[in-house]
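Worksheet: the structure to be examined is printed underneath.
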Amino acid sequence: MQQNIYLLGAPGAGKGTQAELLAKKLGIPQLSTGEMLRSARLEGSELGKRVAAIMDAGKLVSDDVVIALVEQRLCRPDHQNGVILDGFPRTIPQAEALDALFARAGRSALKVIAIDVPADEIRRRLSGRRWCTTCKKTYHITDNPPPDGPSCEGIGTCRLEVRSDDKPEAVEKRLQTYEEQTSPLLAYYRGKGAFYSVNGTGKISDIFSAVMSCLSA
Ligand code: AMP
């Protein structure tokens, strides 16, 4: 059965971490628009150049751009058994476009899991977050430290960096953007059926257990 899961939450709520664990456990791919945009920047593509300043300012890339990225990705053969959406949709028009894409493709309904984390905990998390530009893995200096040694995945030289949008000014803007443009999705999906909410504070493994129990509910 096709399983389509959407993790909804503020930046730093742990969507990426939980999406990665879910992808491993369920054997379905994680679709992260943030990751796709960061890869475009690293490649130096036209798209990457266009979105860099917007991302670093903590604002949202335009709906058309991210919807087109998601549409292409959802057509791939390895996305036909399901997908874990991480960071998309982030606005009501994106959610409506996703509904239309799902209807056209005959995909099974989304299960929505909201991960709830207070703003002060988010600030603490983002200030300690590190991102590997090689493996694309995310760590936290105390909560989820990178392994010792030269590489996080044993594939050569890794470079851990602070994401440019994790700097304090950008974080405040991202929190504001979340409140204004993304949090209305809570009401949008709550009214639609398979909606669950988990407490996103505490141990990563405990939050993962809570996420898994939503899926079997
Ligand atoms: P994330 O890694 O999900 O925190 O995304 C990093 C940044 O990429 C965001 O702050 C936005 O600038 C951009 N971005 C990612 N996903 C979206 C989306 N669905 N809509 C608009 N912008 C996005």
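Read the numbers this way: they start at 1 and go in the same order the structure lists the ligands and their atoms.
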Item to check | Minimum-distance protein heavy atom relative to atom 16 (N) of ligand 1 | outcome: T33 OG1, 2.8 Å
Next on the checklist: Heavy-atom distances under 4.0 Å decide this one: backbone, side chain, both or neither, for V51 against ligand 1?
Outcome noted: neither
Checklist entry - When you measure from atom 22 (N) of ligand 1 to every protein heavy atom, which one gives the shortest distance, and what is it? => result V61 N, 3.1 Å
Checklist entry - E35: heavy atom below 4.0 Å from ligand 1, yes or no? => result no
Item to check | K59: numbered ligand 1 atoms lying under 4.0 Å from its heavy atoms | outcome: 11 (C), 12 (O)
Checklist outcome for this item: One finds that the ligand 1 atoms under 4.0 Å from a non-hydrogen atom of L37 are 8 (O), 13 (C), 14 (N), 15 (C)
Item to check | Q2 side chain vs S108 backbone, donor-acceptor pair below 3.5 Å | outcome: yes
Next on the checklist: I need the atoms of ligand 1 closer than 4.0 Å to a non-hydrogen atom of R163, numbered in the order shown.
Outcome noted: 1 (P), 2 (O), 4 (O), 6 (C)
Checklist entry - Which ligand 1 atoms, with their elements, are less than 4.0 angstrom from a heavy-atom of M55? => result 7 (C), 8 (O), 12 (O)
Item to check | Options G34, A170, A57, A95, ranked by nearest heavy atom to atom 5 (O) of ligand 1, top entry | outcome: G34
Checklist entry - Got more than 12 heavy atoms from elsewhere within 6.0 Å of CG, D143? => result yes
Item to check | Whether over 12 other heavy atoms sit under 6.0 Å from K136 NZ | outcome: yes
Item to check | V66-ligand 1 polar pair, N/O distance under 3.5 Å | outcome: no
Checklist entry - When I5 is tested against each of L85, L22, V83 for side-chain contact (heavy atoms from CB on, under 4.5 Å), which residue passes? => result L22
Next on the checklist: Measuring from non-hydrogen atoms of K15 to any atom of ligand 1, is the shortest distance under 4.0 Å?
Outcome noted: no
Item to check | Note: E121-R125 ion pair, threshold 4.0 Å (strictly below) | outcome: yes
Item to check | Under 3.5 Å: donor-acceptor pair, side chain of K15, backbone of G87 | outcome: no
Checklist entry - Would R107 count as a cation-pi partner of F102, with NZ or CZ less than 6.0 Å from the six-membered ring centre and within 45° of the ring normal? => result yes
Item to check | Check against side-chain contact (heavy atoms from CB on, under 4.5 Å), R90 and V66 | outcome: CA-CA 10 Å; R90 255 178 159 99; V66 285; over 6 Å; no
Next on the checklist: Please compare Q94, R90, R174 and report which has the shortest non-hydrogen distance to atom 1 (P) of ligand 1.
Outcome noted: R90
Next on the checklist: Salt bridge or not between D166 and R174? Use side-chain N to carboxylate O under 4.0 Å.
Outcome noted: yes
Checklist entry - Backbone, side chain, both or neither: what part of K173 comes under 4.0 angstrom of ligand 1, heavy atoms only? => result neither
